[in-house]
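First the structure, in the form of structure tokens, and then the observations on it.
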Amino acid sequence: KLAMQPTKLFQAIRLWTVAEYHKMAEVGILQPDEPVELIAGQIIRKMSPQNSPHAAAITRSDRVLRNLLPQNITIRIQLPLQLNNYSEPEPDLAVVKRDFLDYDDRHPTAAEVYLIIEIADSTLKTDREVKALSYASSGISDYWILDLNNRQLRVFRQPREDGYQSEVILTENNSISPLAFPNLKLTVAEMLRPINR
């Protein structure tokens, strides 16, 4: 399925495919350590360097998920997903189906994703607008943004081509279950820095 086709307004924009994006890296147009990702046919520069609150939130969220989720899943940290021919983002955390080869021969596709989590300190606008639209149009049913500054979790569900139909904002005292694992429950505070430290 081709997501996020250019509208009449943007027909002059040249969208890059995943294959072209990989070729640019192969021939050296994009450097191996260059902080970029392909979102909706556009090469987006990622915020860098990563600060310690962002990194710590990834570590905490990863630990919480690993303690809760079954063993037959994989948690990928800042690794690529091939959502469609025009998007290969590298979300902070992605809970995906287990693959016998650990995705040695390809990246996980949208159909193999249970949950995506982005950690936002300085990237909330991009995560809410650009990435949310890309994830929704690719059919990602459960997308969370952990908002470090406001100590909230934004939960996006009911994806459509034009975006998510549901956005719920949870405070740190609220609990949530991933859609794919409704019997599991975690509190937002578990992913945030403890207040008394």
Side-chain angles (χ1 to χ4, degrees), residues 1-5 18 37-42 44 46 57-58 60-100 102-103 106-120 123-148 150 152-172 174-188 190-192:
K1 146 181 164 183
L2 290 181
M4 299 186 64
Q5 292 293 322
V18 170
E37 57 190 333
L38 184 68
I39 307 287
Q42 298 180 58
I44 308 290
K46 296 192 287 186
I58 291 173
R60 274 191 295 273
S61 300
D62 176 52
R63 183 173 54 242
V64 169
L65 291 171
R66 285 184 196 281
N67 287 337
L68 281 177
L69 293 170
Q71 295 296 310
N72 62 340
I73 58 98
T74 297
I75 299 174
R76 292 169 59 91
I77 298 176
Q78 296 182 327
L79 294 173
L81 304 172
Q82 186 173 345
L83 299 184
N84 54 52
N85 287 336
Y86 294 95
S87 287
E88 191 175 278
E90 298 177 13
D92 288 319
L93 292 114
V95 179
V96 301
K97 293 180 180 175
R98 175 70 51 89
D99 180 74
F100 177 71
D102 291 320
Y103 297 102
R106 63 185 179 82
H107 297 311
T109 64
E112 294 166 308
V113 174
Y114 294 120
L115 170 67
I116 289 178
I117 303 175
E118 294 286 5
I119 309 296
T123 59
L124 183 59
K125 183 174 173 60
T126 301
D127 293 339
R128 282 190 69 222
E129 296 173 10
V130 178
K131 287 194 171 182
L133 182 57
S134 180
Y135 294 149
S137 68
S138 300
I140 302 300
S141 60
D142 209 4
Y143 170 45
W144 301 356
I145 301 173
L146 185 63
D147 179 353
L148 300 183
N150 297 303
Q152 297 173 334
L153 183 69
R154 294 173 178 265
V155 178
F156 297 82
R157 290 176 172 167
Q158 300 173 18
R160 287 196 336 198
E161 284 287 325
D162 59 346
Y164 285 99
Q165 303 309 295
S166 171
E167 177 183 2
V168 175
I169 299 174
L170 303 177
T171 66
E172 59 188 297
N174 292 132
S175 296
I176 185 166
S177 300
L179 277 179
F181 306 98
N183 296 329
L184 307 178
K185 191 168 284 195
L186 62 98
T187 61
V188 175
E190 292 178 87
M191 297 186 286
L192 295 166

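Being a predicted model, the structure only gives us computed values, none of them experimental. Heavy-atom basis, side chains included; hydrogens, waters and symmetry copies ignored.
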List in chain and number order the residues that pass side chain to side chain contact (heavy atoms under 4.5 Å, CB included) with Thr126, two or more places apart in sequence or in another chain; answer none if no residue qualifies. Val130

Spatial distance of atom CG (Asn174) from atom CD1 (Ile169) [nearest 0.5 Å]: 11.0 Å

Would you sort out whether Leu83 and Val18 count as a side chain to side chain contact (heavy atoms under 4.5 Å, CB included), showing the intermediate values? CA-CA 10 Å; Leu83 299 184; Val18 170; over 6 Å; no

What's the spacing between Tyr86 OH and Ile39 CD1 if we round to 0.5 Å? 15.0 Å

Please work out which of the three classes, parallel, tilted or perpendicular, describes the rings of Phe181 and Tyr114, given edges at 30° and 60°. perpendicular

Quick one, Leu81 with Ile140, criterion side chain to side chain contact (heavy atoms under 4.5 Å, CB included). Give me CA distance, side-chain angles, the key distance, then yes/no. CA-CA 11 Å; Leu81 304 172; Ile140 302 300; 5.9 Å; no

Test Glu112 against Arg76 for salt bridge (charged side-chain N to carboxylate O under 4.0 Å, His left out), laying out the working first. CA-CA 12 Å; Glu112 294 166 308; Arg76 292 169 59 91; over 6 Å; no

Between OH of Tyr103 and NZ of Lys97, what distance do you get to the nearest 0.5 Å? 8.0 Å

Looking at side-chain heavy atoms only, is the closest gap between Leu93 and Ile119 below 4.5 Å? yes

Once side chain to side chain donor-acceptor pair (under 3.5 Å) is applied, do any residues pair with Gln152, and if so which ones, sequence neighbours excluded? none

Please name all residues satisfying salt bridge (charged side-chain N to carboxylate O under 4.0 Å, His left out) with Arg157, sequence neighbours left out, ordered by chain then number. Asp142

What is the minimum heavy-atom distance between Ser87 and Pro89, and which atoms define it? C-CD, 3.6 Å

Full working for salt bridge (charged side-chain N to carboxylate O under 4.0 Å, His left out) between Asp127 and Arg154: CA-CA 10 Å; Asp127 293 339; Arg154 294 173 178 265; over 6 Å; no

Measure the CD-CZ distance between Gln82 and Arg106 for me, rounded to the nearest 0.5 Å. 9.5 Å

Checking Ile58, Thr123, Ile77 against Asp92 for side chain to side chain contact (heavy atoms under 4.5 Å, CB included), the one that qualifies is Ile58

Closest non-hydrogen atoms of Pro91 and Tyr135, given as atom of the first, atom of the second and distance, are CB-OH, 3.5 Å

Contacts of Asp102 meeting salt bridge (charged side-chain N to carboxylate O under 4.0 Å, His left out) (sequence neighbours excluded), chain-then-number -> none

Salt bridge (charged side-chain N to carboxylate O under 4.0 Å, His left out) involving Glu37 - partner list, sequence neighbours excluded: Lys131

Among Asn67, Leu68, Leu69, find the one that has a side chain to side chain contact (heavy atoms under 4.5 Å, CB included) with Leu186. Leu68

I want to check something: taking the side chain as every heavy atom from C-beta on, are Leu65 and Ile73 in contact at a cut-off of under 4.5 Å? no

Heavy atoms only: give me the nearest Met191-Leu146 pair and the separation to one decimal. O-CD2, 3.5 Å

Give the minimum heavy-atom separation between Leu184 and Pro178, together with the two atoms involved. O-CD, 4.0 Å

For Arg66, what residues pass the side chain to side chain donor-acceptor pair (under 3.5 Å) criterion, not counting sequence neighbours? Asp62

